[in-house]
Novice: 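Got a structure here, written out as structure tokens. Questions coming.
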Number of protein chains: 2
Amino acid sequence: MTPQNKKIPRMSLERLPIYYRTLCNLADAGYLRIKSAQLGRIIHLEATTIRRDFSYFGDLGKSGYGYDIAHLIEIFGTILEVNHTQGLALIGVGNLGRALLINNFRRNPNLEIVAAYDVDPAVIGGIINEVPIQALADLEDDLKAKQIKGVISTVPSHALQEVVDQLVMFGVTSILSFAPEPVHVPESVHVRYLDLTSEVQNLLLLAELS
Amino acid sequence: MTPQNKKIPRMSLERLPIYYRTLCNLADAGYLRIKSAQLGRIIHLEATTIRRDFSYFGDLGKSGYGYDIAHLIEIFGTILEVNHTQGLALIGVGNLGRALLINNFRRNPNLEIVAAYDVDPAVIGGIINEVPIQALADLEDDLKAKQIKGVISTVPSHALQEVVDQLVMFGVTSILSFAPEPVHVPESVHVRYLDLTSEVQNLLLLAELS
DNA sequence: CATTTTTTGTTAATCAAATCACATTTACAT
DNA sequence: ATGTAAATGTGATTTGATTAACAAAAAATG
Ligand SMILES: NC(=O)c1ccc[n+]([C@@H]2O[C@H](COP(=O)([O-])OP(=O)(O)OC[C@H]3O[C@@H](n4cnc5c(N)ncnc54)[C@H](O)[C@@H]3O)[C@@H](O)[C@H]2O)c1
Ligand SMILES: NC(=O)c1ccc[n+]([C@@H]2O[C@H](COP(=O)([O-])OP(=O)(O)OC[C@H]3O[C@@H](n4cnc5c(N)ncnc54)[C@H](O)[C@@H]3O)[C@@H](O)[C@H]2O)c1
């Protein structure tokens, strides 16, 4: 947004959701202030990494005192736009998609799957956890009507490129896929992967090597 | 394992599962050889990054030719131990756990969830996709009996530390959690997180900033 | 068989992130 | 008030990863 944003390191941004969640938990538990060293112990980061991260978002702390938790939540929440509902679409209402729908980010009041899509006539027309399941073609109109900001795909690998091509045509710019198939999209479209198999393989490999 | 392993960069190891999967797909499609530039186009990496990664595992390519796909699969498969079945345990057979159980890494013949655990008496004693659901205490014996190499946790955040403490007591050293609650474990235990909320928040943030 | 082209493997250069070290600021106790 | 202790914010440094550049090796060509 502001020009300085371009200079915030990727890794600092990546940690923002973790900071935000942790601070909310601390606030819920009744804490009012925190120092970088304490927070570091909780989320397993060096205090100095935290202080540098925070410094990109302003002079948020006070020497000899630490950080005001409510203030940090305010700042980080604004960046993450937690006060605006972020509508999401889910593509692929199979076993995994259904689990996501039933949970539907209940711990995150601003994230909400507002519509789901599939090809299977047996599931199209149904409703799960108040979310209607439609044909993918319906997404084009829903995008504006339902204020959809991003898409989560739980379609199988072999269908992913085809689905993503459709999404791009409709104007979707943010996609998170549970199938790790690498897809081709224009520069302006962001795709992330949640690659369970790679995670497990790396986990086991790490244990093996140590 | 071998002393040189200590020197392989973390990021190169992280990419190994992706290399392995992609090469298997290419082999299935009938390809026999590949050059770093082609592979880079497929998985969106610079050719030079791929060549450097591969070089850590030996002199795998031939100048003016490229890499023999079968040979790469052999080498990487050995490192990832794809020829030994890696038994996994699942803790928390809720909606998400059930989806994982039904899928059970069917695309990865050597990864297999061999046992599942929960606290809910309503699900304990049941069988899903041939996998029995038991009480967590049963895991201790199963660890050796069923050759369990790692654990996937789909228990809620509030139960995670308690469950992990049990796992550590039983001797588990590799844990993948779908709940992002940071847990405290001894140095020798590896914990990874699959943090869906952070992924979505970062995805939307990235779009917003660009 | 000699020449040209291709592609690797690696050294050197660049870029990005994490950490160190410390001057500065503020809280708090006396 | 003043002095001490505590904690931040940030230049400087280190560490780690990526990319560039190119010499050496092998394949392809005529
Ligand atoms: N379930 C898991 O444990 C798991 C783990 C990791 C990754 N994944 C990935 O997620 C994907 C989905 O997993 P799942 O267990 O839910 O599979 P699933 O087969 O139960 O569900 C897939 C759903 O996608 C729908 N679909 C297929 N093609 C489509 C298209 N072109 N457009 C819209 N919908 C389409 C199907 O109708 C089905 O409902 C898997 O293929 C895998 O790549 C799953
Ligand atoms: N479903 C999702 O969309 C989703 C997405 C991201 C993360 N997660 C994480 O995964 C967790 C599970 O999700 P879900 O939708 O399957 O929830 P769920 O409530 O359907 O399932 C949780 C299961 O864990 C079991 N459990 C609770 N305490 C336990 C304990 N101490 N030992 C063993 N088992 C225990 C419960 O009996 C239940 O079967 C969530 O809490 C969340 O942290 C879920």
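Below, chain A is the first sequence line, B the second, and so on; all start at residue 1. The model shown is predicted, which means the values in this text are computed figures rather than measured ones.
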Novice: Return the value, rounded to whole Å, for the distance between atom CG of B:Asp68 and atom C1' of C:dT8.
Specialist: 15 Å
Novice: Could you say whether A:Asp53 or A:Arg33 is positioned toward the 5' end of DNA chain C, judged by the nucleotide with the nearest heavy atom to each?
Specialist: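 Mapping each residue to its closest nucleotide by heavy atoms, the 5'-most match is A:Asp53.
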Novice: Taking OH from B:Tyr65 and P from C:dT4, how many angstroms apart are they, rounded to a whole number?
Specialist: 25 Å
Novice: Check every atom of C:dT11, C:dA27, C:dA17 against the side chain of A:Pro9 and return the nucleotide holding the closest atom.
Specialist: C:dA17
Novice: When you get a sec, tell me which of C:dG9, D:dT10, C:dA18 is the closest nucleotide to the side chain of A:Arg15?
Specialist: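 Side chain of A:Arg15 sits closest to C:dA18.
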Novice: Rounding to a whole Å, what distance do you find between B:Lys35:NZ and C:dT5:C1'?
Specialist: 11 Å
Novice: Any chance you could measure B:Lys146, atom NZ, to B:Thr85, atom OG1, to the nearest 0.5 Å?
Specialist: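 B:Lys146 atom NZ to B:Thr85 atom OG1 measures 14.5 Å (nearest 0.5 Å).
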Novice: May I have the distance from A:Ile50 (atom CD1) to C:dC20 (atom P), rounded to whole angstrom?
Specialist: 14 Å
Novice: Does the distance from a Lys or Arg side-chain N to an Asp or Glu carboxylate O, for B:Glu14 and B:Arg192, drop under 4.0 Å?
Specialist: yes
Novice: In this structure, how many angstroms lie between the P atom of C:dT19 and the CE atom of A:Met11, rounded?
Specialist: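 Distance check: A:Met11 CE to C:dT19 P gives 11 Å.
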Novice: Rounded to whole angstrom units, what separation is found between the CG atom of A:Leu60 and the C1' atom of C:dT25?
Specialist: 16 Å
Novice: Once you apply a heavy-atom cut-off of 4.0 Å, does A:Ser36 come out as touching a base, just sugar-phosphate, or nothing?
Specialist: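 Result for A:Ser36 = sugar-phosphate.
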Novice: Quickly work out the A:Arg51 CZ to C:dA17 C1' distance and round it to whole Å.
Specialist: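 To the nearest whole Å, that distance equals 16 Å.
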Novice: Could you state the OH-C1' distance from B:Tyr56 to C:dT11, rounded to the nearest angstrom?
Specialist: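 Taking OH of B:Tyr56 and C1' of C:dT11, I get 12 Å after rounding.
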Novice: For a 4.5 angstrom cut-off between non-hydrogen side-chain atoms, does B:Phe54 reach B:Leu39?
Specialist: yes
Novice: Under a 3.5 Å cutoff, is there a donor and acceptor pairing between the side chains of A:Glu130 and A:Asn104?
Specialist: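 Absent: no donor and acceptor within the cut-off.
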Novice: State which of D:dA27, D:dG9, D:dT19 makes the closest approach to the side chain of B:Lys62.
Specialist: D:dA27
Novice: Describe the nucleic acid contact of B:Tyr67 in one word from base, sugar-phosphate, nothing, applying a heavy-atom distance below 4.0 Å.
Specialist: sugar-phosphate
Novice: Just compare C:dG9, D:dA17, D:dT10 and give me whichever is closest to any side-chain atom of B:Arg10.
Specialist: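 Of the options given, the side chain of B:Arg10 lies nearest D:dA17.
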Novice: Please give me the minimum heavy-atom distance between A:Ile113 and A:Val131, naming the atom from each residue.
Specialist: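 Heavy atoms only, the tightest pair is O-CG2, 3.4 Å.
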Novice: What nucleotide, of D:dA17, C:dT24, C:dA18, holds the atom closest to the side chain of A:Ser63?
Specialist: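 Within the option list, the nearest is C:dT24.
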Novice: Under 3.5 Å, is there any donor-acceptor pair linking the side chain of A:Arg52 to the base of C:dT19?
Specialist: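 Looking at the base of C:dT19, it does pair with a donor or acceptor on the side chain of A:Arg52 (distance under 3.5 Å).
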Novice: By nearest atom, which of the nucleotides C:dG9, C:dA27, D:dT10 is closest to the A:Thr48 side chain?
Specialist: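 Comparing C:dG9, C:dA27, D:dT10 against the side chain of A:Thr48, the answer is D:dT10.
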